[in-house]
Asker: 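Structure in structure tokens, see below.
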Amino acid sequence: MTTRFYSTLLLLIFGFSLQAQEDLADYVNTLQGTNSKHELTRGNTYPTTALPFGMNTWTPQTGNNGDGWKYQYFKKTIRGFQQAHQCSSWSNDYAVFSLMPSTGTLKLNENERQSGFSHDNETAKPHYYQVALENGVNTEMAPTERGVHMRFSYPKKEKAFLVLDGYTGLSNIEIDEKNKRITGYVHNGRGMDRFDHFKNYFIIQFDKSFKAFGTWDNTNGKKQENNNIAKGKGKGAYIQFKDGTNVQAKIASSYISIKQAEVTLKNELGNDKKLEDTKSSALKIWNTHLSKIKVEGGSETDFKTFYSCFFRASLFSRKFYEINEAGEPYYFSPYDGKVHDGYMYTDTGFWDTFRAQFPLNALLYPEMHGRYVSALLDAYDQCGWLPSWSFPSEAGSMIGNHAISLLADAWAKGIHTFDPEKALKAYYHEATEKGPWGPANGRHGYKEYYTLGYVPYPKYGEATAKTLEYAYDDFCAYNLAKMTGNTFYQNIFGRQMYNYKNVYDEKVGFMRGRKKDGSWVPDFDSYEWGGPFTEGNAWHYLWSVFQDPKGLINLMGGEERFNTKMDSVFSVPNTVHVGTYGGKIHEMTEMEMADMGQYAHGNQPIQHMIYLYNYSGQPWKAQHHVREVMSKLYSYTENGYPGDEDQGQTSSWYVLSAMGFYSVCPGTDEYILGSPLFEKTTITLENGKEFVISAKNNSEKNIFINNANLNSDNFTKNYLTYSQIIAGGSFNLEMTDTPNKTRGLKETDKPFSLTEN
């Protein structure tokens with residue numbers, strides 16, 4: 001064996017682990033999940049160029065202005081490079097403006113100025129995006145928390161134009177030829193319509209002089225040469241530079257004022273003379289961030305998928321605060337339209353993210369998470385409601401009142417940054433009223449829920465799903481009250497947390513719709529989507545009893561019947577009956593494509609189900625299925641997700657599961673065991689300690705836990721606690737290809753459940 005061959009072999013064996021520890025950002029593909037369309041999402045992501053939890057992100061734009069699908073992998077042209085904040089294509093975006101370079105003749109309209117591109121000439125990393133357009137311009141971007149450093153390299157001897165598009169709403173543009181900058185603001189999108197004075201102020205500082213300039217109107221295409229001020233719907237600007245030049249643009253924005261945008265520009269980009277400086281700083285930040293979880297002993301594909309998902313999980317919730325001249329945080333509140341001191345976060349939907357994204361944040365970033373949950377009560381003070389879906393203000397989308405899940409979960413994990421009595425009071429208001437903004441702002445059917453013990457259908461849409469999630473939320477309030485000695489609220493919410501039992505019909509063996517008179521909705525069809533359920537069917541919602549799996553097991557006739565039903569989720573046909581939707585929605589198609597029976601991992605309601613085997617005496621089945629889902633339904637490619645990524649939730653499921661555990665019941669301190677993907681995972685905690693998960697003999701076949709030790713002590717439980725993890729130490733597993741059917745079967749080995757026997 002030659003030395004060169006031997007070295008190559010060693011690199012193949014060990015290289016991924018060693019290199020990954022040095023430059024983890026290089027494993028991230030920000031194009032993951034971008035091959036999306038209305039009928040089949042595969043992620044519904046865009047190639048996000050940003051810092052962790054940054055206030056703004058940046059992306060190339062393949063879609064029309066106002067189109068929720070900003071970037072679709074199969075598209076052949078780019079029409080702009082835009083500041084973005086989008087959570088989901090379904091919610092669209094707010095506070096958007098874009099820049100687009102062009103050559104030859106000046107073209108302003110988005111359809112006329114668009115240029116072809118190839119993915120072969122595209123680089124998509126967290127810290128750096130680059131694409132060589134067919135119009136000859138090479139465009140580059142490197143991010144800061146509230147800004148971006150861009151560079152446009154025009155072909156030699158070609159005319160060099162740059163178009164600023166004010167997007168779909170009100171914009172104000174001022175061109176300062178002398179100082180080589182454009183300033184202004186935009187006011188557009190769904191999230192900014194609550195307050196007329198809610199604006200995104202921006203500064204664009206160029207390093208090259210203007211040869212010509214003017215303003216234009218994207219509603220009619222008209223331009224005004226040499227005009228330097230424009231205000232109105234769709235107003236924009238254009239600049240012409242010296243032929244064939246390379247132009248750098250430093251951009252910063254603020255929701256508070258143009259003065260604050262200037263402060264941000266100086267603080268975040270003032271010392272960066274070249275784009276390479278910003279790129280290098282961003283790379284360092286991402287490598288430091290991603291190194292909080294170092295994995296070893298997997299394939300290159302595993303590494304790329306893991307760190308691409310970890311990147312995506314690290315974008316939400318988004319910082320909404322800014323840093324003033326004194327270095328103190330403050331923010332424009334999207335809840336009352338005023339400026340406040342302190343921290344604020346936004347752009348997330350709790351229906352998705354309470355399940356995994358926030359439990360991951362609590363583990364890795366407890367200081368930030370403490371600020372986050374404290375800010376929930378600030379939002380309550382400012383608008384009278386706890387957020388449920390902030391974008392950037394309260395939208396009330398989806399179902400449930402899951403702010404209480406975040407609050408109870410933080411408290412259970414020792415993050416005590418808020419007044420628990422105030423939190424319970426706020427939740428009580430949430431649970432006994434209906435607010436003005438969407439179904440999850442307050443409660444649909446709250447009166448019937450309290451008097452009947454369930455939300456009746458068809459009086460209220462999605463009623464059974466709401467009943468189940470209200471009962472879980474009530475448990476979270478009960479548990480927060482119990483942990484803080486508040487017997488008043490403990491007694492109130494303790495009455496409702498078992499309400500899931502009221503929508504279970506033992507005759508059909510499923511949760512189902514129930515009328516106001518107590519009778520069941522007729523013609524039950526377990527394959528039918530919608531109606532009393534949210535983006536799912538009875539197969540998916542049977543398991544939505546996070547707080548009391550043992551109670552559900554008893555309700556279904558014991559562990560044997562429970563496990564048989566769980567098994568059947570994967571063995572029954574992947575039949576879809578469209579029900580009240582009237583036609584296929586993408587979640588239906590994605591479940592069919594997964595070809596795992598009725599297991600619909602592409603949407604949130606069933607994502608925890610696999611882990612319920614830990615409660616029912618067959619933990620090895622959780623180990624089997626979790627590895628199957630990771631290998632079959634996730635990748636680092638443009639087709640990387642089995643459905644909507646959803647503000648970090650689907651990525652967080654993967655990140656937690658790849659480490660070997662998952663948060664079935666946020667509001668408790670437990671992470672339920674699965675099967676780790678890697679031979680070794682090192683979690684560097686915020687307190688400076690390390691928690692190391694070693695999975696001896698781990699492989700694609702050796703997916704079962706034969707035995708376990710926690711800090712050298714024999715460990716038989718099917719869960720780890722938050723305190724065990726953050727204390728640091730070692731969790732050593734021996735993996736095998738044969739299930740150990742004797743481990744983890746004692747009642748004391750099973751995770752938390754309200755019902756104990």
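Every heavy atom of this structure was used, including side-chain atoms; hydrogens, water molecules and symmetry mates were not.
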Asker: Would you say the side-chain atoms of Glu535 and Gln604 include a donor-acceptor pair closer than 3.5 Å?
Answerer: no
Asker: Nearest 0.5 Å please: distance from the CG atom of Leu656 over to the CD1 atom of Ile293.
Answerer: 7.5 Å
Asker: Taking the side chain as every heavy atom from C-beta outward, state whether Asn706 and Arg743 have any pair of such atoms under 4.5 Å apart.
Answerer: no
Asker: Do any N or O atoms from the side chain of Arg627 and from the backbone of Ala658 form a donor-acceptor pair under 3.5 angstrom?
Answerer: no
Asker: Does either side chain, that of Asn697 or that of Asn702, offer a donor lying less than 3.5 Å from an acceptor on the other one?
Answerer: no
Asker: Could you check whether Ser675 and Gln623, counting side-chain N and O atoms only, form a donor-acceptor pair closer than 3.5 Å?
Answerer: no
Asker: Is it the case that the ring center of Phe306 lies less than 6.0 angstrom away from the ring center of Phe678?
Answerer: yes
Asker: Within the 3.5 Å criterion, strictly below it, is a donor on Asn698 or Glu679 matched to an acceptor on the partner's side chain?
Answerer: no
Asker: Rounded to the nearest 0.5 Å, how far apart are CD1 of Ile725 and CG of Leu720?
Answerer: 5.0 Å
Asker: With a cut-off of under 6.0 Å to the ring centre and 45° to the axis, is Lys750 in cation-pi contact with Tyr615?
Answerer: no
Asker: Can you confirm if the aromatic rings of His402 and Trp389 lie within a centre distance of less than 6.0 Å?
Answerer: no
Asker: Roughly how far apart are Ser723 OG and Glu670 CD, rounded to 0.5 Å?
Answerer: 10.0 Å
Asker: Going by heavy atoms in the side chains, are Tyr365 and Tyr372 under 4.5 Å from each other?
Answerer: no
Asker: Say whether, by atom type as modelled, one donor and one acceptor occur between the side chain of Asp669 and the main chain of Ala412 under 3.5 angstrom.
Answerer: no
Asker: Assess the pair Phe661 and Tyr671: is the distance between their ring centroids shorter than 6.0 Å?
Answerer: yes
Asker: Would Phe316 and Tyr345 count as a close aromatic pair, with their ring centres under 6.0 Å?
Answerer: no
Asker: Look at the aromatic rings of Trp90 and Trp69 and report parallel, tilted or perpendicular, splitting at 30° and 60°.
Answerer: perpendicular
Asker: His601 and ring pair (Phe, Tyr, Trp, His ring centres under 6.0 Å): which single residue from Phe570, Tyr634, Tyr654 fits?
Answerer: Tyr634
Asker: For the residue pair Ser308 and Asn29, confirm or rule out a side-chain donor-acceptor distance under 3.5 Å.
Answerer: no
Asker: Do His289 and Ser314 pair up side chain to side chain, a donor and an acceptor below 3.5 Å, judged on atom types alone?
Answerer: yes
Asker: So, Phe391 versus His85, ring centres under 6.0 angstrom or not?
Answerer: no
Asker: Assess whether a salt bridge exists between Arg42 and Glu638, defined as any Lys/Arg side-chain N lying under 4.0 Å from an Asp/Glu carboxylate O.
Answerer: no
Asker: Using the test salt bridge (charged side-chain N to carboxylate O under 4.0 Å, His left out), find all partners of Glu367 that sit at least two apart in sequence or belong to another chain.
Answerer: Arg371
Asker: Between Glu268 and Thr144, is any side-chain donor less than 3.5 angstrom from a side-chain acceptor?
Answerer: yes
Asker: Do Glu140 and Tyr129 have side-chain atoms, one donor and one acceptor, less than 3.5 Å apart?
Answerer: no
Asker: Would you compute the distance between atom NZ of Lys70 and atom CD of Gln61 and round it to the nearest 0.5 angstrom?
Answerer: 7.0 Å
Asker: Take Lys632 and Met596 through the test side-chain contact (heavy atoms from CB on, under 4.5 Å) and record every step on the way to the result.
Answerer: CA-CA 10 Å; Lys632 185 175 182 179; Met596 297 178 73; 3.8 Å; yes
Asker: Taking side chain to side chain contact (heavy atoms under 4.5 Å, CB included) as the definition, give me every residue that meets it alongside Pro666, ordered by chain and number, with sequence neighbours left out.
Answerer: Phe354, Pro359, Ser405, Asp409, Tyr472, Ser663
Asker: Decide whether a cation-pi geometry holds between Arg355 and Phe546; the criteria are a distance under 6.0 Å from NZ or CZ to the six-membered ring centre and an angle within 45° of the ring axis.
Answerer: no
Asker: For the side chain of Thr57 and the backbone of Ala84, is there at least one donor-acceptor N/O pair under 3.5 Å apart?
Answerer: yes
Asker: Does a sphere of radius 6.0 Å around NZ in Lys292 hold more than 12 heavy atoms from other residues, nucleotides or ligands, not counting ones at 6.0 Å or beyond?
Answerer: yes
Asker: Check whether any side-chain heavy atom of Arg146 sits under 4.5 Å from a side-chain heavy atom of Tyr321, and report yes or no.
Answerer: yes
Asker: State whether Phe74 and Lys37 meet the cation-pi test: NZ (Lys) or CZ (Arg) under 6.0 Å from the six-membered ring centroid, and within 45° of the perpendicular axis.
Answerer: yes
Asker: Can you find a pair of side-chain heavy atoms, one from His608 and one from Trp653, that are under 4.5 Å apart?
Answerer: no
Asker: Look up atom CG in Asp646 and atom CD in Gln607, then write down how far apart they are to the nearest 0.5 Å.
Answerer: 8.0 Å
Asker: Are side-chain N/O atoms of Asp23 and Asn287 paired as donor and acceptor at under 3.5 Å?
Answerer: yes
Asker: Take the angle between the ring planes of Phe303 and Tyr307 and call it parallel below 30°, perpendicular above 60°, tilted in between.
Answerer: parallel
Asker: Does either side chain, that of Asp302 or that of Thr305, offer a donor lying less than 3.5 Å from an acceptor on the other one?
Answerer: no
Asker: Would you indicate whether Glu276, at its atom CD, is surrounded by more than 12 heavy atoms from other residues, nucleotides or ligands within a distance under 6.0 Å?
Answerer: yes
Asker: Holding to ring pair (Phe, Tyr, Trp, His ring centres under 6.0 Å), I want the full list of residues that pass it with Tyr611, two or more places apart in sequence or in another chain.
Answerer: Tyr662
Asker: Any luck finding a side-chain donor-acceptor pair between Gln32 and Thr637 under 3.5 Å?
Answerer: no
Asker: Taking atom types as modelled and ignoring hydrogens, do the side chains of Ser651 and Tyr641 form a donor-acceptor contact shorter than 3.5 angstrom?
Answerer: yes
